Amino acid sequence: MTGRKESCLTSLDGLVLPGPPPERLVGAFPNLGAMAELLYGFINALRSRQHGVPPPPTSLATLDLGTRHSPEGACLPFKLILGNLMECLEKGANTVGMLGERGPCRLGLYSLGMRLILSDLGQGVSWVDFDSVNLRQGYWKRFRDAYRRSGGHQPVWRIAYSGLVGFYRLHVVERLEAERNYILPLERETGGVNERFREGLKRIDQAHTLGELKRAHRAARRLLRSVPLDRKRAVVNVVVTGEIFCALDPFANFGIETRLGRLRARPHRVIWQTSHIRYYLGLDLFQPDGKRAAVRAARRFLPEQLGGDCNANVGHAILAARRGDDGMVHLKPFGCMLEFVAQNLMAAVERDTGIPILSLTLDDLTGEERINVRLEAFVDNLFRRRRDRERRAS
Amino acid sequence: MTRLGILRCLLYYPLYPFWKAFFEELGFSLVVSPPMTSRQFDEGARRFVGDICLPIESAFGHIEAIKHDVDLLFLPRSNELHRDVYVCPACAGLPYVVRHTMPEAPEILSLRLTPFRALDRAGVKRLMKLGIAKRAVRSAFARAQEAYRAFVQGARAEPFLSRAIARATGQECPPSPPAAADGPRVLLLGMPYVLGDSFVNQGIPAMLAARGVRITTPYMLAPDLADREVAVEGYWLYWTFGGMSVAAMTRQFERGGADGIVYVSSFACGVDSLITPIVQSAARRRYRVPFLLLVVDEHAEAAHLAVRIEAFLDCVRGGVFAERSSQ
């Protein structure tokens with residue numbers, strides 16, 4: 001089944017205003033972690049008249065805009081993505097490419113909700129949905145139609161190649177992030193790593209082919225390595241997991257990885273865009289910390305697939321305990337139905353295995369200091385536990 | 001005789017007549033938790049972490065209330081009551097959460113028991129472990145479906161879901177007072193476990209009825225949940241009860257309409273947060289009727305609700321919208 005269905009018993013139409021047929025397609029994408037990298041890379045590699053507006057960095061103004069127009073009970077990702085898309089539309093985008101999935105997570109109806117809200121404001125926008133399930137069902141045909149309608153004329157091999165470039169670009173960016181996370185707690189000068197990291201991202205931005213991307217990645221890595229590090233520093237390993245948007249978006253989670261790094265905790269993020277794509281394509285069969293392994297590990301607590309990241313998050317807690325990581329931070333948006341289940345089951349995992357888990361609920365009213373205080377206390381505890389353990393061992 | 005506990009919350013509201021017929025046919029004696037009180041609620045609210053809606057919070061209170069009086073606790077597996085259609089995932093995860101957060105709770109019986117799908121093999125096996133023959137399960141299922149059909153027939157004319165359920169399961173229940181023939185017609189939308197449970201909805205349906213409103217609910221329009229296939233703008237609504245509210249709305253306005261729409265939502269309900277924009281857009285731009293969204297939680301105040309309902313009814317009666325649309 002897909003997020004869309006052709007024949008339904010009841011249908012309600014005509015509420016969404018149609019977008020004007022674009023002269024020239026200018027795409028806008030949700031700022032979902034590095035997902036925009038994929039789509040942006042894809043569109044640029046197409047080398048045709050289409051191009052994309054890179055989403056402006058999420059800011060308080062974005063949050064304001066999104067919260068003002070969203071339903072009160074919508075989750076933080078909805079509010080931020082809506083705000084972001086509205087900013088893109090202001091900057092001249094005319095077509096939105098949006099992610100989706102089949103239920104039960106709300107993500108599958110984000111498109112509908114946002115289109116209704118924009119229509120209520122009198123704004124018609126043309127819209128293309130990329131949903132994970134449709135990868136298997138009629139996706140190609142639907143995409144091709146949308147592409148041709150918007151005036152695209154590239155041959156199939158070019159489109160496929162562009163898809164590959166998009167995915168590779170996403171992969172490179174996420175690898176770089178993981179490499180940054182590894183050395184974050186070791187930096188001698190606060191902020192040095194992140195500065196080099198941003199420089200590296202700029203290089204990747206300018207790469208449009210597989211070869212260029214590979215070279216850019218190598219250069220960016222070299223940049224990261226040039227940061228002065230204190231390799232003997234004692235650090236604790238903290239797994240970062242949670243609802244995908246909250247785990248990925250540094251605005252939504254207040255740059256949790258950088259914050260952890262400053263507290264000398266090494267963030268080990270297990271939720272990535274690529275890990276989801278790998279999961280859906282079945283490429284993570286043998287990956288010990290992949291989503292598939294996590295879902296399998298969670299079976300004792302949650303034998304049923306509930307959807308979203310719920311099963312995987314419970315599983316990641318179990319895997320982290322098995323690996324002997326020091327702790328885990330779980331990020332969830334306020335009111336998330338799936339993460340409520342995950343959070344409660346994680347409390348049970350915590351009791352069973354003894355791994356400390358910090359659940360942080362994020363929404364549009366979350367204050368920075370609250371996150372700071374709780375993280376500091378948490379990391380302090382992890383260091384103390386480790387000292388206690390070492391003392392007992394000696 | 002095994003005493004089987006059933007919680008008077010969540011899926012109790014549409015499905016209790018079905019469950020009752022099924023389990024009684026199999027020889028269980030049923031213990032239904034009493035209507036929620038705020039003291040019980042507070043006891044249950046200590047048993048979980050995190051933020052969630054009132055109906056799910058109250059489920060923990062219901063368990064607290066009956067956990068010592070039953071041998072077996074029935075917590076339905078509620079994902080995909082119909083294939084590929086979901087209820088709220090927090091509700092679907094409840095059996096697992098209870099199992100791992102309330103170790104002292106009685107043994108849990110978790111089946112996907114709905115009139116819309118045959119019992120799956122795992123469910124039959126679970127029942128066989130309790131010493132029940134396969135054939136008995138099959139005949140009980142058929143018997144339960146009959147009971148559910150009878151309940152659905154009775155629910156068509158009854159705006160109070162809890163009364164329809166009481167009548168269908170042989171409890172005593174005073175008949176609803178007939179609504180005034182000239183009262184405003186209001187479409188009352190929301191999850192059935194919000195509209196049916198007077199602890200959760202703080203008596204909003206009764207407040208409306210007391211003010212002479214003729215209420216129509218989704219259960220009166222699409223009681224068999226057959227309208228589960230609902231699409232808005234080509235997007236398929238994959239939530240059972242969310243789809244039902246939207247289907248009820250379109251159906252009601254095809255059949256002569258209503259003077260206003262009231263949506264009762266519990267705070268932090270994820271499904272409602274994306275269904276209400278649909279209803280609101282349709283009310284505002286398509287049907288042009290007043291729309292009232294009432295959000296309830298454990299702090300809801302009867303006086304506050306009454307003020308908002310009265311203001312809404314003034315708006316409906318005064319024809320503010322009628323005037324504007326005639327211009």
Side-chain angles (χ1 to χ4, degrees), chain A residues 1-16 70-75 78 100 102-106 108-113 115-117 119-120 129 301-308 310 332 334-345 347-349 351-352 359 361, chain B residues 48-53 56 77 79 83-97 99-101 222 226-239 242-243 246-247 249-251 265 267-278 280-282 284-286 293 295:
Chain A
M1 288 292 158
T2 67
R4 282 163 168 267
K5 217 168 180 188
E6 298 313 321
S7 64
C8 275
L9 292 177
T10 307
S11 63
L12 182 62
D13 297 307
L15 289 175
V16 165
S70 301
E72 180 206 23
C75 46
F78 184 95
R102 71 169 173 172
C105 170
R106 275 179 271 187
L109 288 174
Y110 270 24
S111 281
L112 174 62
R115 292 179 79 174
L116 282 172
I117 288 165
S119 302
D120 282 353
D129 286 295
F301 287 88
L302 197 53
E304 194 178 350
Q305 274 276 15
L306 287 188
C310 174
K332 64 184 272 272
F334 178 78
C336 181
M337 305 171 276
L338 287 155
E339 295 305 319
F340 165 77
V341 177
Q343 188 183 2
N344 276 285
L345 290 177
V349 173
R351 253 199 321 276
D352 270 24
S359 266
T361 303
Chain B
F48 60 92
V49 287
D51 41 272
I52 199 65
C53 65
I56 296 213
R77 271 180 63 192
N79 233 358
R83 203 174 287 282
D84 286 316
V85 187
Y86 304 88
V87 296
C88 154
C91 179
L94 195 64
Y96 311 108
V97 170
R99 186 170 294 158
H100 289 104
T101 56
D227 245 352
R228 65 189 184 276
E229 289 189 354
V230 185
V232 178
E233 306 288 346
Y235 292 91
W236 177 40
L237 299 187
Y238 44 70
W239 289 314
V246 173
M249 178 177 70
T250 53
R251 199 175 277 191
S265 162
F267 179 70
C269 174
V271 175
D272 281 348
S273 73
L274 288 189
I275 296 296
T276 46
I278 301 172
Q280 192 175 339
S281 278
R284 194 188 286 166
R285 294 197 275 125
R286 169 73 57 82
L293 173 64
V295 180

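To find a chain, count down the sequence lines: A is the first, B the second, and so on, and within it residues start at 1. As the structure is a prediction and not an experimental result, all values here were calculated from the model.
Both the backbone and the side chain of A/Ser119 come within less than 4.5 Å of a heavy atom in chain B. When heavy atoms are compared at a cutoff of 4.5 Å, B/Val271 approaches chain A by way of both its backbone and its side chain. Looking at B/Leu94, there are no atoms closer than 4.5 Å to chain A (heavy atoms on both sides), in backbone or side chain. B/Leu274 touches chain A through its side chain: at least one heavy atom from C-beta onward sits under 4.5 Å away, while N, CA, C and O do not. For B/Thr250, the part sitting under 4.5 Å from any heavy atom of chain A is the side chain, from C-beta outward, and nothing else. When heavy atoms are compared at a cutoff of 4.5 Å, A/Leu15 approaches chain B by way of both its backbone and its side chain. With a threshold of 4.5 angstrom between heavy atoms, A/Cys105 approaches chain B through N, CA, C or O but not through any side-chain atom. For A/Glu339, no part lies near chain B; criterion is any non-hydrogen pair under 4.5 Å.
With chain B as partner, the option from A/Val349, A/Val16, A/Leu338 having the largest number of non-hydrogen pairs under 4.5 angstrom is A/Val16. Most heavy-atom pairs under 4.5 Å with chain B, from the set A/Pro71, A/Ser70, A/Ala342: that is A/Pro71. Interface summary for chain B: among A/Leu306, A/Leu109, A/Thr361, A/Leu116, the most heavy-atom pairs under 4.5 angstrom belong to A/Leu109. Heavy-atom pairs under 4.5 Å with chain A were tallied for B/Ala92, B/Gly50, B/Gly270; the largest tally goes to B/Gly270. When each of B/Cys91, B/Pro95, B/Cys53, B/Gly93 is scored by its heavy-atom pairs under 4.5 Å with chain A, the top score falls to B/Gly93.
Using a 4.0 Å cut-off between charged side-chain N and carboxylate O, B/Arg77 and A/Glu304 make a salt bridge.
The shortest distance between side-chain heavy atoms of B/Ile275 and B/Leu237 falls below 4.5 Å. Side-chain contact check for A/Ser359 versus B/Val49: every heavy-atom pair is 4.5 Å or farther apart. Looking at B/Trp236 and B/Val85, their side chains come closer than 4.5 Å, going by heavy atoms from C-beta outward. The shortest side-chain heavy-atom distance between A/Cys336 and A/Cys75 does not fall under the 4.5 Å cut-off.
With sequence neighbours excluded, the residues satisfying ring-ring contact (aromatic ring centres under 6.0 Å, His included) with A/Tyr110 are A/Phe78. Looking at residues two or more places apart in sequence or on another chain, you find no ring-ring contact (aromatic ring centres under 6.0 Å, His included) involving B/Tyr86.
Separation of atoms CE (A/Met337) and SG (B/Cys269) is listed at 7.0 Å; rounding is to 0.5 Å.
Under the 30°/60° scheme for interplanar angles, the aromatic rings of B/Phe48 and A/Phe340 are found to stand perpendicular.
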